[in-house]
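Structure record follows, encoded as structure tokens.
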Amino acid sequence: MTLQSTISPVVARPPAALTMAAALNAAIHDSMRDDPTVVLFGEDVGPLGGVFRVTDGLYAEFGETRVSDSPLAESGIVGTAIGMAIYGLRPVVEMQFDAFSYPAFEQIVSHLAKMRNRTRGRISLPIVIRIPYAGDIGGVEHHSDSSEAYWSATPGLTVVSPSNPADAYSMLREAIASDDPVIFMEPKSRYWMKEVLSLPVQTTPMNTAVVLREGTDVTLIAYGPTVKTALATAELATAEGLSIEVIDLRSLSPFDDATVGASLRKTSRAAVVHEAAQFGGYGAEVAARLTERNFFHLAAPILRITGFDIPYPSPKLEEYFLPTPDRILAALGTWEWS
Amino acid sequence: MSLNVESPVVSTAPAPQPLRLIDDTGHAVTDNAGDFVLPDPGTLLGLYRQMVVARRFDVQVTALTRQGRLATYPSALGQEACEIAAVASLDPGDWLFPTYRDSIALLTRGVKPEHILASFRGEWHSGYDQYEHRIAPQATPLATQALHAVGLATASKLKQDSTVALTLLGDGATSEGDAHEALNFAAVWQAPVVFVVQNNQFAISVPLDKQMRCRTIADKAIGYGMPGFYVDGNDVAAMYAVTSAAVDRARTGGGPTLVEGLTYRMEAHTNSDDPSRYRAAGDVDVWRRRDPIERLDTYLVSIGALSDQERAGIRDEAEDLAAATRECMMLPVRVDPLELFDHVYADPRAALAEQRAFLAAELAEHAALAGQPPATPSAPTTPSSSTTPAGAHA
Ligand SMILES: Cc1ncc(C[n+]2csc(CCOP(=O)(O)OP(=O)(O)O)c2C)c(N)n1
């Protein structure tokens with residue numbers, strides 16, 4: 001199914017300033033209106049509209065048949081979504097916060113990811129699991145995890161993370177239309193970012209990375225919450241005469257080797273930025289595969305600027321944990337520049 | 001249709017003794033039958049035939065496993081009444097969510113031996129067409145499949161279809177969180193689903209009293225607000241009467257039911273298990289005397305519904321199936337290494353195409369070294385059946 005075919009029937013709306021939360025809401029709304037098999041359920045997604053209001057108004061419009069508060073059990077949410085998908089529905093489910101997706105780990109890893117393979121392609125599970133993730137919102141413990149490495153390391157899952165409202169709309173629509181299960185990672189700190197959009201908007205395909213800002217000296221790779229940090233770093237760097245190219249990965253699995261590799265071969269230096277801990281983190285995969293494929297184009301080792309290898313800290317300590325433009329620039333300064 | 005249902009909460013306690021219609025000695029009994037009545041002789045004869053055939057298959061596959069010709073096989077010997085009653089209660093359009101233990105349920109629903117054995121031979125994880133048979137892949141992660149059954153049943157309800165889902169679970173699996181979540185979701189959503197727990201009294205080596213302090217597993221139904229039935233799981237008449245009533249209730253909007261069949265696993269957990277380490281041979285003998293097939297045989301003979309000639313005919317059918325099962329082991333193992341990459345994603349991935357090409361080149365090199373003609377590169381395979389989900393057309 002192409003994105004075009006799923007978007008076209010939706011009536012065009014006049015330009016309006018939309019938050020990422022509102023863009024996500026519109027994406028679910030439009031997908032539900034276009035496809036009667038799309039159903040939505042999870043914790044508090046009904047009358048309340050979700051704790052981040054991403055599902056606001058959907059219960060009122062589509063009713064209990066298609067939008068429902070489920071019992072409070074994440075494994076149950078994913079497990080029942082799997083059964084519904086076997087019967088031809090397209091469930092969109094919400095994990096209320098990143099760390100609360102862990103009870104669903106077994107259903108996601110042992111069934112959601114593997115069903116197509118186990119059944120030799122007979123059973124597709126077109127399910128979207130929305131996970132609000134990452135920190136920088138002053139959240140108490142278990143409300144700021146970045147769990148993308150777990151999902152990205154699991155064959156069978158597609159893992160994406162938008163960084164702006166336009167992508168949030170376009171990518172979520174594409175995720176819902178996809179026949180593969182998609183882990184849709186929503187950066188909580190960006191929920192309130194506004195952008196003027198005329199919906200429906202279609203950005204580049206979900207599985208591709210984009211160069212958000214061109215540069216010649218360094219490729220800075222980010223996704224989700226750290227895209228903003230990377231763009232701010234690039235801005236600051238111009239004062240130091242450093243030209244940074246910023247890539248928004250958008251898709252963590254699959255990884256867009258072509259786009260990122262082309263940028264790296266141009267700049268010959270790369271760094272990857274994420275909030276999650278460094279050890280075994282997503283950046284390790286980025287650095288390893290880019291090095292394997294582009295070693296002779298590299299002028300310096302690929303750097304990772306990430307959270308420390310510690311559990312996500314308390315609100316008053318998170319500023320020391322999160323990667324900042326200063327920290328990124330300092331890291332780039334450790335390279336030998338000849 | 002909506003998930004929000006006004007329905008009375010059911011809280012009748014299951015009977016303290018297992019519900020039964022035919023006792024160990026093959027006599028019809030009514031003292032602990034609840035409202036259930038004996039199925040008619042024709043139905044019972046059909047169940048008898050299916051149990052005999054299923055047992056012959058099970059014994060044959062266990063033998064093949066002992067010969068080292070299958071990687072593993074979890075036997076259901078002694079549990080035929082639960083397995084066959086569950087399957088016999090379903091309409092062809094209903095869905096079954098089985099475990100590794102339930103191969104004879106698959107057989108009884110019409111899956112060919114070669115397709116059942118594909119997984120135990122190590123050819124592929126699930127070897128049959130799930131949509132053709134309306135059987136989910138046999139689940140190994142305990143109790144996970146129960147949630148899938150609830151989800152499918154709920155989808156059926158949302159679409160206002162009449163499809164019912166039935167899931168089989170072991171007693172040990174009821175300790176898992178997913179079992180609780182499945183029972184609770186089913187009750188809250190009033191999903192048309194039936195949970196059949198085969199209480200064979202052991203989870204590998206661990207007896208049920210180490211799993212729970214409840215009197216019976218069926219008692220837990222009270223807590224969830226659904227009917228629960230504690231049934232003699234070696235009495236196929238009772239298992240069939242209770243389970244088919246539960247399926248009917250689910251189909252007509254009455255919501256879920258928990259059925260516990262008290263039975264016994266006569267074989268080891270799998271071929272690699274040693275039951276002598278955790279249970280006495282005498283216990284097995286006690287349960288051998290409660291055999292589900294023997295007692296039904298006695299009963300059917302007593303009412304004149306099973307002649308020697310009919311029994312011989314059924315045994316011949318079972319022997320034919322055993323022969324066919326042995327024969328399918330003669331078929332070469334059918335694996336295509338390049339198929340490894342074909343069913344991971346619907347949306348093809350460049351990285352997998354690269355890895356597939358790598359393996360193809362490696363295979364060609366090995367073939368060349370062995371002096372064989374290079375294998376013709378196979379095109380990516382497509383599923384051998386329709387990929388349209390049942391009910392998706394609605
Ligand atoms: C989640 C999970 N934990 C552990 C296992 C390993 N395991 C396989 S079968 C089994 C015992 C299950 O016992 P029960 O549910 O009573 O079913 P039975 O095998 O007796 O049919 C165990 C522990 C598993 N398959 N899944």
Side-chain angles (χ1 to χ4, degrees), chain A residues 1 37 39 41 46 63-89 91 103 106-107 109-111 113-126 155-158 178-181 206-207 253-258 289, chain B residues 1-4 95 97 124-127 129-131 136-137 139-141 144-156 158-159 161 163 165 177-178 180-182 184-185 188-189 191 339 342-347 349-351 381-394:
Chain A
M1 202 182 301
T37 66
V39 294
F41 62 101
E64 179 84 27
T65 312
R66 298 184 62 197
V67 180
S68 56
D69 285 329
S70 69
L72 211 169
E74 293 75 13
S75 188
I77 291 168
V78 176
T80 53
I82 289 170
M84 291 183 193
I86 295 175
Y87 204 68
L89 297 183
E106 183 183 32
Q107 286 290 347
V109 170
S110 293
H111 289 295
K114 294 178 181 168
M115 190 67 83
R116 169 180 297 280
N117 185 256
R118 294 170 69 211
T119 62
R120 268 181 150 142
R122 291 191 184 94
I123 298 184
S124 288
L125 295 179
L157 299 178
T158 294
S178 169
D179 282 339
D180 285 315
M206 179 174 81
N207 59 5
S253 175
F255 178 82
D256 184 352
D257 286 295
R289 67 192 295 124
Chain B
M1 184 57 54
S2 119
L3 294 177
N4 204 4
W95 272 80
F97 289 79
W124 203 269
H125 301 306
S126 180
D129 185 329
Q130 297 80 20
Y131 281 114
T140 304
T144 53
Q145 80 284 358
L147 281 166
H148 308 163
V150 175
L152 186 134
T154 303
S156 161
L158 291 175
K159 290 181 170 196
D161 286 354
T163 305
D178 276 11
H180 159 67
E181 295 189 23
N184 188 50
F185 271 66
V188 172
W189 285 348
E339 192 187 345
D342 291 349
H343 317 297
V344 185
Y345 300 99
D347 194 13
R349 289 202 172 184
T381 60
T382 43
S384 56
S385 80
S386 141
T387 52
T388 311
H393 45 78

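Quantities reported herein were computed from a predicted structural model and do not represent experimental measurements. Side chains included, hydrogens not; waters and symmetry mates left out as well; all remaining heavy atoms used. So that the names make sense, note that chain A is the first sequence line, chain B the second, and so on, each numbered from 1.
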Query - Met115(A) CE to His148(B) NE2 distance, which is reported to the nearest 0.5 Å - result: 5.5 Å
Requested in this report: Quick one: pull up CG in Leu72(A) and CG in Asn184(B) and give me the separation to the nearest 0.5 Å.
Outcome: 10.5 Å
Requested in this report: Check whether any side-chain N or O of Tyr131(B) sits under 3.5 Å from a backbone N or O of Ile86(A) as a donor-acceptor pair, and report yes or no.
Outcome: yes
Requested in this report: With a 4.5 angstrom heavy-atom cut-off, could you sort out which part of Ser75(A) is near chain B: side chain, backbone, both or neither?
Outcome: both
Query - Side chain / backbone / both / neither for Leu157(A) at chain B, heavy atoms under 4.5 Å - result: backbone
Query raised in the report: Between the side chains of Gln145(B) and His111(A), is a donor N or O closer than 3.5 angstrom to an acceptor N or O?
Result: no
Query raised in the report: For chain A, which of Val150(B), Thr144(B), Thr140(B) has the most heavy-atom pairs under 4.5 Å?
Result: Thr144(B)
**Report entry** Heavy-atom contact with chain B under 4.5 Å, split by part of Ala81(A)
**Finding:** neither
Report task. Please state whether the side chain, the backbone, both or neither of Ser70(A) comes within less than 4.5 Å of a heavy atom of chain B. Result -> both
Query raised in the report: Which one, Ala139(B), Ser156(B), Ala351(B), leads in non-hydrogen pairs under 4.5 Å with chain A?
Result: Ser156(B)
Query - Distance (rounded to the nearest 0.5 Å) between His343(B) NE2 and Arg118(A) CZ - result: 14.0 Å
Query raised in the report: Top residue by heavy-atom pair count (under 4.5 Å) with chain A, among His180(B), His125(B), Glu181(B)?
Result: Glu181(B)
Requested in this report: Measure the shortest side-chain to side-chain distance between Ser178(A) and Tyr345(B) over non-hydrogen atoms and say whether it is less than 4.5 angstrom.
Outcome: no
Query raised in the report: What's the shortest heavy-atom distance between Trp124(B) and Thr119(A), and which atoms?
Result: NE1-N, 4.5 Å
Query raised in the report: Just wondering, do Phe185(B) and Ile77(A) contact through their side chains at under 4.5 Å, heavy atoms?
Result: yes
Report task. Kindly compute the distance separating CZ (Arg116(A)) from CG (Asp342(B)), expressed to the nearest 0.5 Å. Result -> 11.0 Å
Query raised in the report: Side chain, backbone, both or neither: which part of Asn207(A) has an atom under 4.5 Å from a heavy atom of chain B?
Result: side chain
Query raised in the report: Where the side chain of Arg120(A) meets the backbone of Glu339(B), is there a donor-acceptor pair that is under 3.5 Å apart?
Result: no
Query - Those residues that, when tested against Phe255(A), pass ring pair (Phe, Tyr, Trp, His ring centres under 6.0 Å) (two or more places apart) - result: none
Query raised in the report: Between Pro137(B) and Ile123(A), what is the shortest heavy-atom contact and its length?
Result: CD-CD1, 4.2 Å
Query raised in the report: For Asp347(B), is it the side chain, the backbone, both or neither that has a heavy atom under 4.5 Å from a heavy atom of chain A?
Result: both
